[in-house]
**Student:** 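Before I ask anything, let me first share the structure, which is written out below as structure tokens.
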Amino acid sequence: MIAMSDIYDNIMDLAKRRGFIWPTSECYGSVAGFIDYGPLGSMMKRNIENVWRRFYVIQEGYYEIECPTIGQEDIFIASGHVKGFSDKMCQCPSCREYLRADHIAEAHGLTGASVLGTEDLARLICTLPCPACEEVLGPVEVFNFNLMFQTAIGPGSQRRGYLRPETAQGMFTDFQRLLRFYRDKLPFGAVQIGKSFRNEISPRQGMIRLREFTQAEAEIFVHPAGKVHPAFSRYAAYKVPLLGIAQQEANQPPVVFRMDEAVRAGTVANQYVAYYLALTNELLVSIGVNPEKLRFRQHLPDERAHYAEDCWDAEIFSERFGWVETVGIADRTDYDLRAHERQSGERFLVFIPYETPEKESRIRVVPNMGALGPRFRGNARAVAEAICACVPGPEGLTVTIDGEDVHITPDLYTVREEVVEVPGTEVVPHVIEPSYGIDRMIYAVLEHSYHEEMVDDEERRVLRLPANVAPIQVAVFPLMNRDGLPEIAMEIAGAIRGQGILAEYDDSGAIGRRYRRQDEVGTPFAITVDYDTRDDRTVTLRDRDSMRQVRVPIEGIADLIGSLIEGHRSFDGL
RNA sequence: GCAUCGAUGGUCUAGUGGCAUGACUUAGGCCUUCCAAGCCUAUAGCCCGGGUUCAAUUCCCGGUCGAUGCACCA
């Protein structure tokens with residue numbers, strides 16, 4: 001048994017050596033928080049993204065969009081990132097420690113420090129001691145450290161732009177287009193897979209905390225009053241380990257819930273959140289996350305954003321990093337759309353028709369223009385509009401025109417009670433947001449699939465990646481590099497490639513070495529052409545995990561490999 | 001960002017103020033009829049910048065990256 005602390009080093013060593021993950025721009029010395037995906041890493045990442053697409057785009061029907069990674073300032077004013085995505089910091093003049101200024105104030109019982117401006121906060125803390133070196137801070141400068149990368153759009157005066165800190169905003173800013181695309185009906189969703197950027201102060205956990213990372217996010221717009229998922233039955237009986245608020249407060253382990261029961265018990269806020277907890281569980285396990293090392297932790301009330309109705313993190317256990325938040329699933333209510341309404345002045349509404357138009361009696365105030373005109377002349381129109389917006393009392397009403405209160409007597413209008421037909425209502429949808437950190441998923445899959453074992457006194461390193469995630473899906477070898485065997489092997493590799501499957505041909509070195517090479521990068525299947533092949537047109541097919549081999553005919557082997565990768569057939573069934 | 005420690009071929013590693021070890025890997029060849037066998041050959045290295053010195057991979061200073069602790073972590 002190898003020490004757990006070494007596993008990370010061994011995995012990252014393998015990842016570097018075999019072209020999964022590299023430190024970026026090494027020839028200039030790399031930069032913390034940025035990584036390169038090598039040839040196999042890129043392939044594996046794409047495969048995982050495609051599994052994600054299978055769930056969200058194909059299964060759920062939420063189409064993918066692609067927005068710029070640079071956004072104008074208004075977007076992030078609305079989202080709250082310009083104001084809220086920064087920390088007020090100061091540097092202790094004595095020990096040069098960087099400190100959270102608001103935390104210092106709050107540690108000394110001064111509440112509300114987080115909403116103060118930088119200058120007020122500087123005044124507030126100047127008499128307080130530095131938490132690191134105990135010296136009184138004195139007149140320090142408090143500054144905002146915003147976690148967004150800022151840039152300028154265009155030359156000259158230059159509009160301010162930011163690299164997006166999440167992909168989500170694109171689905172909100174495109175809301176009205178999306179609504180039309182989905183023909184004005186709730187619920188609908190849109191997804192985006194792409195790069196996001198956060199200028200982390202100190203990214204020191206390898207590929208767990210990156211400054212540039214890939215997110216896969218879905219924004220699902222639902223009717224605020226009916227968070228009933230139309231396909232809830234798919235996951236109603238699905239079981240997921242939930243670490244709810246109750247378990248956390250009682251310091252208890254997660255409880256395995258059926259999703260329908262979790263909703264009924266009120267542990268999960270609604271069917272939508274429960275549905276995506278279950279879907280996420282299924283998705284993560286299908287890409288190779290060990291289900292024993294997966295749990296869903298509910299945000300405690302004080303860590304949850306004030307507007308969120310419910311929020312859960314899928315946490316994956318890493319031998320190196322402990323429980324790592326990898327997916328966030330939140331009911332964000334109408335917070336985001338309303339924020340963009342305020343900032344943009346646009347409306348983000350969906351018209352919901354009633355089944356039958358409702359009759360509603362209304363009091364309508366109708367201005368008497370014949371009397372208003374001569375009396376108010378140029379202001380008559382403004383007065384009339386003001387009257388319409390009022391509910392008059394028995395003595396008439398008072399409106400304000402150009403800052404002056406004007407009394408309107410009842411003879412200047414008539415009040416009518418009328419019945420109108422209301423065809424429907426308008427709502428601002430609520431948003432369910434499952435948000436996946438693709439890079440963290442990739443790390444988790446690498447760690448969970450990495451195994452070292454002894455075979456004939458020789459160490460064997462193997463990545464037990466699911467076949468649809470493995471960067472190379474099948475390897476084809478001639479047993480000997482002569483006697484016509486390479487020709488047959490190359491022919492087989494070509495046939496498999498013809499099916500759109502990545503096959504690697506390798507005739508270098510002993511056969512055992514070639515198997516080991518593929519084991520190390522997780523190739524699930526290997527085909528070997530031997531001398532019998534020349535006589536009976538059969539080859540051996542080797543299973544990575546069991547190292548077992550079966551003989552199968554060359555005829556139809558490309559289809560067979562395809563079925564094995566897709567999971568339509570199993571190796572044990574051959 | 002601070003403090004401590006570290007950095008030698010792709011990987012692991014020996015070692016040094018004066019020609020830098022070995023193993024594994026990789027490539028080519030020989031051999032080889034199914035799990036890292038053997039033989040021959042080849043490729044490839046002292047993190048970066050500055051200083052001290054006749055001479056620096058080695059000593060000193062600064063930086064980068066990594067590990068650990070502190071701090072930070074929508």
Side-chain angles (χ1 to χ4, degrees), chain A residues 5 8-10 12-14 16-19 22-34 38 76 79-92 94-104 130-133 145-148 164-166 168-169 196 198-206 208-209 211 215 299 303-305 308 311 320 324-325 328 330 332 435 455-462 477-483 485 508-520 526-534 539-544 546-549 551:
Chain A
S5 58
Y8 172 84
D9 294 326
N10 294 354
M12 292 316 283
D13 170 52
L14 186 156
K16 262 189 231 164
R17 263 190 305 111
R18 299 305 307 273
W22 293 326
T24 191
S25 57
E26 276 184 292
C27 65
Y28 292 107
S30 303
V31 188
F34 297 94
F76 302 111
S79 70
H81 285 103
V82 169
K83 257 211 160 85
F85 204 59
S86 60
D87 298 329
K88 294 210 173 52
M89 300 190 70
C90 64
Q91 189 177 22
C92 171
S94 312
C95 66
R96 306 178 58 78
E97 187 82 278
Y98 278 89
L99 307 156
R100 279 286 293 270
D102 52 334
H103 284 191
I104 298 171
C130 166
C133 70
F145 182 78
N146 194 295
L147 264 35
M148 283 194 294
R164 64 183 178 192
E166 57 177 23
Q169 295 308 319
S196 294
R198 298 178 189 180
N199 200 1
E200 298 287 352
I201 297 166
S202 174
R204 286 207 308 187
Q205 297 164 60
I208 296 297
R209 174 171 302 177
R211 289 188 165 123
Q215 288 186 302
H299 280 203
E303 70 181 307
R304 188 170 66 207
C311 187
R320 180 49 172 265
V324 178
E325 308 165 20
R332 297 177 59 87
S435 170
V455 175
D456 299 332
D457 293 330
E458 199 84 53
E459 189 181 73
R460 173 181 184 245
R461 284 183 297 272
V462 53
F477 309 138
L479 183 61
M480 291 297 140
N481 196 5
R482 60 177 187 228
D483 305 324
L485 302 187
S508 146
I511 189 73
R513 177 183 295 279
R514 284 178 267 165
Y515 286 138
R516 290 292 191 276
R517 269 191 207 124
Q518 296 299 329
D519 289 340
E520 198 177 50
I527 292 166
T528 303
V529 172
D530 58 21
Y531 284 92
D532 292 342
T533 306
R534 295 191 302 185
V539 292
T540 63
L541 177 64
R542 171 188 182 264
D543 174 56
R544 175 198 64 204
S546 63
M547 296 194 286
R548 278 181 39 232
Q549 289 178 297
R551 273 208 100 76

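Letters A, B, ... are given to chains in the order of the sequence lines, protein chains preceding strands, and every chain is numbered from 1. The figures that follow rest on heavy atoms only: side chains count, while hydrogens, waters and symmetry mates do not.
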**Student:** If a pair means Watson-Crick or G-U wobble with both distances below 3.5 Å, what does RNA chain B look like in dot-bracket form, with | marking bases paired to a different strand?
**Tutor:** (((((((..(((.....[...))).(((((.......)))))....(((((..]....))))))))))))....
**Student:** Any side-chain to backbone donor/acceptor pair from A:Asp530 onto A:Asp532? Under 3.5 Å, distance only.
**Tutor:** yes
**Student:** Taking the same atom, C1', in B:A23 and in B:A44, what whole-Å distance lies between them?
**Tutor:** 15 Å
**Student:** Taking the same atom, C1', in B:C2 and in B:G45, what whole-Å distance lies between them?
**Tutor:** 33 Å
**Student:** Can you measure from CZ (A:Arg332) to CZ (A:Arg304) and round to the nearest 0.5 angstrom?
**Tutor:** 13.0 Å
**Student:** With rounding to the closest Å, how many angstrom separate the C1' atoms on B:G15 and B:U8?
**Tutor:** 9 Å
**Student:** Using the C1' atom as the point on both nucleotides, what is the distance between B:A74 and B:C70, in whole Å?
**Tutor:** 23 Å
**Student:** Between A:Trp22 (CH2) and B:C47 (P), how many Å, whole number?
**Tutor:** 22 Å
**Student:** If the C1' atom of B:C30 is compared with that of B:U57, how far apart are they to the nearest Å?
**Tutor:** 38 Å
**Student:** Is any side-chain N of the basic residue among A:Arg17 and A:Glu520 closer than 4.0 Å to the acidic one's carboxylate O?
**Tutor:** yes
**Student:** Could you pick out which residue, A:Asp456 or A:Gln215, lies toward the 5' side of RNA chain B when each is mapped onto its nearest nucleotide?
**Tutor:** A:Asp456
**Student:** Syn or anti for B:C60, taking syn as within 90° of 0?
**Tutor:** anti
**Student:** Say we look at B:G50 and B:C46: how far apart would their P atoms be, to the nearest angstrom?
**Tutor:** 16 Å
**Student:** Mind checking the P distance from B:U25 to B:U11? Whole angstroms is fine.
**Tutor:** 15 Å
**Student:** Protein within reach of the bases, or only the backbone? For nucleotides 26-34 of chain B, mark each nucleotide 5' to 3' as B, S or -, using heavy atoms under 4.0 Å.
**Tutor:** SS----BBB
**Student:** Please list, chain by chain and in numerical order, all residues satisfying side chain to side chain contact (heavy atoms under 4.5 Å, CB included) with A:Ser79, sequence neighbours excluded.
**Tutor:** A:Phe76, A:His81, A:Gln169
**Student:** Are any of the side-chain heavy atoms of A:Arg534 and A:Asp483 separated by less than 4.5 Å?
**Tutor:** yes
**Student:** Are the side chains of A:Leu147 and A:Arg211 in contact, using a 4.5 Å heavy-atom criterion?
**Tutor:** no
**Student:** For the residue pair A:Arg542 and A:Phe477, establish whether any side-chain heavy-atom pair is separated by less than 4.5 Å.
**Tutor:** no
**Student:** Write down the protein N/O and nucleotide N/O pairs, taken from nucleotides 62-67 of chain B, whose separation is under 3.5 Å; answer none if there are no such pairs.
**Tutor:**
| from | atom 1 | to | atom 2 | distance (Å) |
| --- | --- | --- | --- | --- |
| B:U64 | O2' | A:Gly29 | O | 2.7 |
| B:C65 | OP1 | A:Ala32 | N | 3.2 |
| B:A67 | O3' | A:Arg320 | NH2 | 3.3 |

**Student:** Using the side chain to side chain contact (heavy atoms under 4.5 Å, CB included) criterion, which residues pair with A:Arg513? Sequence neighbours excluded.
**Tutor:** A:Arg517
**Student:** Quickly work out the A:Arg514 CZ to B:C35 C1' distance and round it to whole Å.
**Tutor:** 11 Å
**Student:** When the P atoms of B:C40 and B:G22 are compared, how many Å lie between them, rounded to an integer?
**Tutor:** 14 Å
**Student:** To the nearest Å, how far apart are A:Leu14 CG and B:A36 C1'?
**Tutor:** 14 Å
**Student:** Contact class for A:Arg17 (heavy atom, under 4.0 Å): base, sugar-phosphate, or nothing?
**Tutor:** sugar-phosphate
**Student:** Write down the distance between CG (A:Asp519) and C1' (B:C35), rounded to a whole number of angstrom.
**Tutor:** 8 Å
**Student:** Considering every strand and a 4.0 Å limit on heavy-atom distances, what is the contact class for A:Arg461: base, sugar-phosphate, or nothing?
**Tutor:** base
**Student:** Has A:Arg514 got a side-chain atom pairing as donor or acceptor with A:Gly509's backbone, closer than 3.5 angstrom?
**Tutor:** yes
**Student:** Verify, without hydrogens or angle tests, whether A:Arg548 (side chain) and A:Asp543 (backbone) share a donor-acceptor contact under 3.5 angstrom.
**Tutor:** no
**Student:** Could you pull out all residues at least two apart from A:Ser435 that satisfy side chain to side chain contact (heavy atoms under 4.5 Å, CB included)?
**Tutor:** A:Gln215, A:Glu217, A:Glu433
**Student:** Indicate yes or no: does A:Glu459 engage A:Arg461 in a salt bridge with an N to O separation below 4.0 Å.
**Tutor:** yes
**Student:** I need the CZ-P distance between A:Arg18 and B:C24, as an integer number of Å.
**Tutor:** 18 Å
**Student:** To the nearest angstrom, how far is A:Asp457 atom CG from B:A36 atom C1'?
**Tutor:** 13 Å
**Student:** I want to check something: taking the side chain as every heavy atom from C-beta on, are A:Met547 and A:Tyr515 in contact at a cut-off of under 4.5 Å?
**Tutor:** no
**Student:** Rounding to an integer number of Å, can you tell me how far A:Gln518 CD sits from B:A36 P?
**Tutor:** 15 Å
**Student:** Rounded to whole Å, please give me the gap between NZ in A:Lys16 and C1' in B:C12.
**Tutor:** 13 Å
